[in-house]
J.: 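Encoded as structure tokens, here's the structure I'll be asking about.
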Amino acid sequence: MAGLYVENISLGYEGNTVAKDISFRVSLGDYLCVIGGNGAGKSTLIKAVLGLHKPLAGVIRLGDGLRRGDFGYLPQQRDMQRDFPASACEVVLSGCINRCGLRPFYNRKEQTLARGSMEKLGIVGLSKCCYRELSGGQQQRVLLARALCAAKKILVLDEPVAGLDPAAARDMYEITADLNRGGLTVVMVSHDTATALNYASHILKMEKDAPCFFGAGGEYRARSGERKPRSEGADSV
Amino acid sequence: MSVWEYLQFSFVQNALIVGVLVALCAALIGVPLVLKRYSFIGDGLSHIAFGGMAVAAVINLTNNLYLIMPLTVAAAVSLLTAGQNAKIKGDAAIALISVAALAFGYFLLNTFSVTPNISADVCTSLFGSTSILTLKQSDIFLCIGMSVLVIAVYLVFYNKIFAVTFDAEFMKAAGVKSKAYEILVAAVIGIVVSLSMRLVGSLLTSALVIFPALSAMRVFKNFKAVVLCSAAVSVACALCGILISIVWGTPVGATIVLTEVVIFGLFCVSGLKFKRR
């Protein structure tokens with residue numbers, strides 16, 4: 001029984017198809033990494049999975065008790081957020097938004113949860129700092145802590161290491177792997193195939209104008225190993 | 001006459017109560033408005049409200065707020081929520097609608113005017129002039145009622161307003177109906193714009209909404225502090241502006257806005273100082 005079924009979906013904007021015939025499934029506890037070049041439609045796929053973007057065709061179903069309110073999302077950074085007057089603590093706490101329904105304020109339990117996820121990411125010391133004045137890596141951790149507050153069962157990360165230096169990127173991968181070992185389902189978009197293979201249990205490779213590959217990490221390695229002479233360059237980007 | 005003596009008059013007291021409440025609402029909603037990059041929409045809405053006021057004047061409505069408010073709320077909701085999918089995008093759509101409403105309003109006032117002094121009418125609705133000092137009893141209750149409603153909505157949905165302002169997409173991804181909250185914020189913006197017209201007139205309304213928020217953002221760096229500070233700035237400026245205009249006979253709206261400009265300047269300077277340290 002899978003938590004997330006995606007069957008033959010096509011994605012695009014205003015009749016322009018970006019990607020088509022994508023099928024995969026994610027079971028609870030899996031770590032799926034979505035890889036592929038620029039313009040392959042990775043982010044659009046993630047948005048479709050989250051219900052932010054309507055696919056042109058195909059179906060996305062949730063099963064195994066997974067509901068819309070169980071998703072925690074780490075979006076790609078946008079410009080708007082960069083000058084927003086908010087303390088790290090306020091941003092993280094806003095991740096509990098799907099837990100409090102119509103209740104106006106966050107209760108003790110949600111505040112503890114926010115605190116806990118900041119501790120997990122080692123950013124308790126930054127809690128009073130202004131979000132916009134943090135470094136890129138710190139901002140990313142704050143947003144990840146927020147996503148953790150929202151993620152009851154599944155964490156969806158869109159290019160979490162984009163713009164980070166190698167050390168911060170490695171930290172980010174380690175943290176995500178830890179969370180996955182702790183039982184959280186992870187779906188991550190990345191264009192760093194080599195690292196993704198080290199951590200992910202499943203791989204979805206999207207290619208422009210070509211059928212996409214979906215399978216276990218080992219399967220992908222075996223397959224890309226066979227055609228190594230031809231595709232080495234493309235795969236190690 | 002001293003300020004104290006003026007304060008004995010009931011029309012002055014009414015003006016101060018309404019002024020403070022409206023300024024408070026404007027400041028509260030101004031923070032998400034500025035942060036969502038909607039400052040210009042606030043301006044456009046006030047022009048639409050001017051069009052509504054012209055219609056109300058021509059059909060001789062006793063209380064024009066009954067027409068202006070629903071109109072502005074409808075415009076706010078459609079402008080702020082259609083947003084990304086509209087055929088004519090963002091700033092162009094707003095500019096288009098706001099000048100059209102302005103032209104329509106002046107056309108109506110000029111062609112079908114019921115009073116002999118058109119230019120005074122137009123000037124009053126554009127710059128507010130003394131309307132805050134000549135409020136009728138029903139007006140005052142309506143203004144107070146709507147202001148209290150806006151403040152209550154803001155308090156109850158404070159955390160949702162923060163979340164939808166900071167990142168509506170995240171909110172939606174987490175399974176919360178972010179669209180409903182965006183509509184709520186838009187409706188509140190519409191109400192506030194139509195209320196602030198009473199205080200400063202339609203051309204100066206957006207100043208009332210954006211100045212306190214921008215001033216507070218020069219100095220404070222978290223959302224709660226920015227909201228509290230802009231509320232305080234706005235209330236103080238409204239009080240000062242109204243009192244100055246009563247004592248020295250200056251136009252109310254312009255005086256309040258100029259006070260806010262001065263405060264903004266001061267906050268800019270002190271903001272720079274904070275940064276240098």
Side-chain angles (χ1 to χ4, degrees), chain A residues 13-14 46-47 49-53 62 66-81 83-106 110 127-134 143 146-147 149-152 154-156 158, chain B residues 30-38 83-87 89 151-181 184 212-230 267 271 274-275:
Chain A
Y13 297 91
E14 285 166 18
I46 288 302
K47 288 191 174 163
V49 165
L50 290 166
L52 301 173
H53 176 85
L62 303 181
L66 192 66
R67 290 177 310 120
R68 274 279 156 242
D70 296 336
F71 285 76
Y73 174 41
L74 177 71
Q76 277 183 17
Q77 285 224 351
R78 287 181 302 259
D79 282 342
M80 199 208 96
Q81 290 170 2
D83 68 342
F84 201 99
S87 65
C89 178
E90 285 177 314
V91 174
V92 174
L93 201 51
S94 77
C96 297
I97 197 81
N98 60 347
R99 292 172 189 266
C100 60
L102 281 175
R103 174 159 35 84
F105 299 102
Y106 299 117
E110 285 149 4
S127 114
K128 292 271 175 288
C129 295
C130 175
Y131 173 78
R132 68 181 167 200
E133 285 169 358
L134 300 176
L143 292 186
R146 176 183 70 159
C149 288
K152 291 177 200 153
I154 180 165
L155 185 63
V156 179
D158 194 354
Chain B
V31 177
L33 191 85
V34 167
L35 289 172
K36 278 229 149 207
R37 302 284 184 268
Y38 287 159
Q84 298 85 17
N85 302 325
K87 279 272 186 288
K89 287 223 162 103
I151 295 165
V153 165
Y154 201 89
L155 284 179
V156 170
F157 293 105
Y158 171 81
N159 284 316
K160 271 79 172 180
I161 291 174
F162 172 83
V164 85
T165 311
F166 184 72
D167 194 345
E169 217 167 53
F170 171 85
M171 199 177 176
K172 196 174 172 202
V176 182
K177 294 197 165 40
S178 62
K179 194 89 186 169
Y181 292 110
L184 180 79
L214 286 174
S215 303
M217 281 166 62
R218 292 309 107 195
V219 176
F220 290 101
K221 304 212 160 127
N222 68 70
F223 194 76
K224 198 191 239 168
V226 166
V227 167
L228 291 176
C229 172
S230 75
F267 272 62
F274 274 122
K275 223 167 242 172

J.: Hey, what do you get for CZ (A/Phe84) to CZ (B/Phe166), rounding to the nearest 0.5 Å?
T.: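 It is 6.5 Å, given to the nearest 0.5 Å.
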J.: If I take atom CG from residue A/Leu50 and atom NZ from residue B/Lys172, how far apart are they, to the nearest 0.5 angstrom?
T.: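 Result: 10.0 Å between the selected atoms.
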J.: Let me confirm one number: the OG-CZ distance from B/Ser215 to B/Phe220, rounded to the nearest 0.5 Å.
T.: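 Rounded to the nearest 0.5 Å, the OG-CZ separation comes out at 11.5 Å.
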J.: Counting only non-hydrogen atoms closer than 4.5 Å, does B/Phe170 touch chain A with its backbone (N, CA, C, O), its side chain (CB onward), both, or neither?
T.: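 Both backbone and side chain.
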J.: Where does B/Lys177 contact chain A at under 4.5 Å (heavy atoms): side chain, backbone, both or neither?
T.: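 Contact with chain A: none, neither part.
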J.: Roughly how far, to the nearest 0.5 Å, is the CD atom of A/Gln76 from the CD atom of B/Glu169?
T.: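 Interatomic distance, B/Glu169 CD to A/Gln76 CD, rounded to 0.5 Å: 10.0 Å.
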J.: Rounded to the nearest 0.5 Å, what separation is found between the CG atom of A/Leu143 and the OG atom of A/Ser94?
T.: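 A/Leu143 atom CG to A/Ser94 atom OG measures 9.0 Å (nearest 0.5 Å).
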J.: Determine the option with the most heavy-atom pairs under 4.5 angstrom with chain B, choosing from A/Leu102, A/Asp70, A/Val91.
T.: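 Most heavy-atom pairs within the cutoff with chain B belong to A/Val91.
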J.: Is A/Lys152 close to chain B through its backbone or its side chain, or both, or neither, when contacts mean heavy atoms under 4.5 Å?
T.: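 Neither part.
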J.: Identify which part of A/Arg103 has an atom lying under 4.5 Å from any heavy atom of chain B, answering side chain, backbone, both or neither.
T.: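 When you check distances to chain B, only backbone atoms of A/Arg103 fall under 4.5 Å.
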J.: Highest number of heavy-atom pairs under 4.5 Å with chain A: which of B/Ala163, B/Gly175, B/Ala173?
T.: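 Option with the greatest count: B/Ala173.
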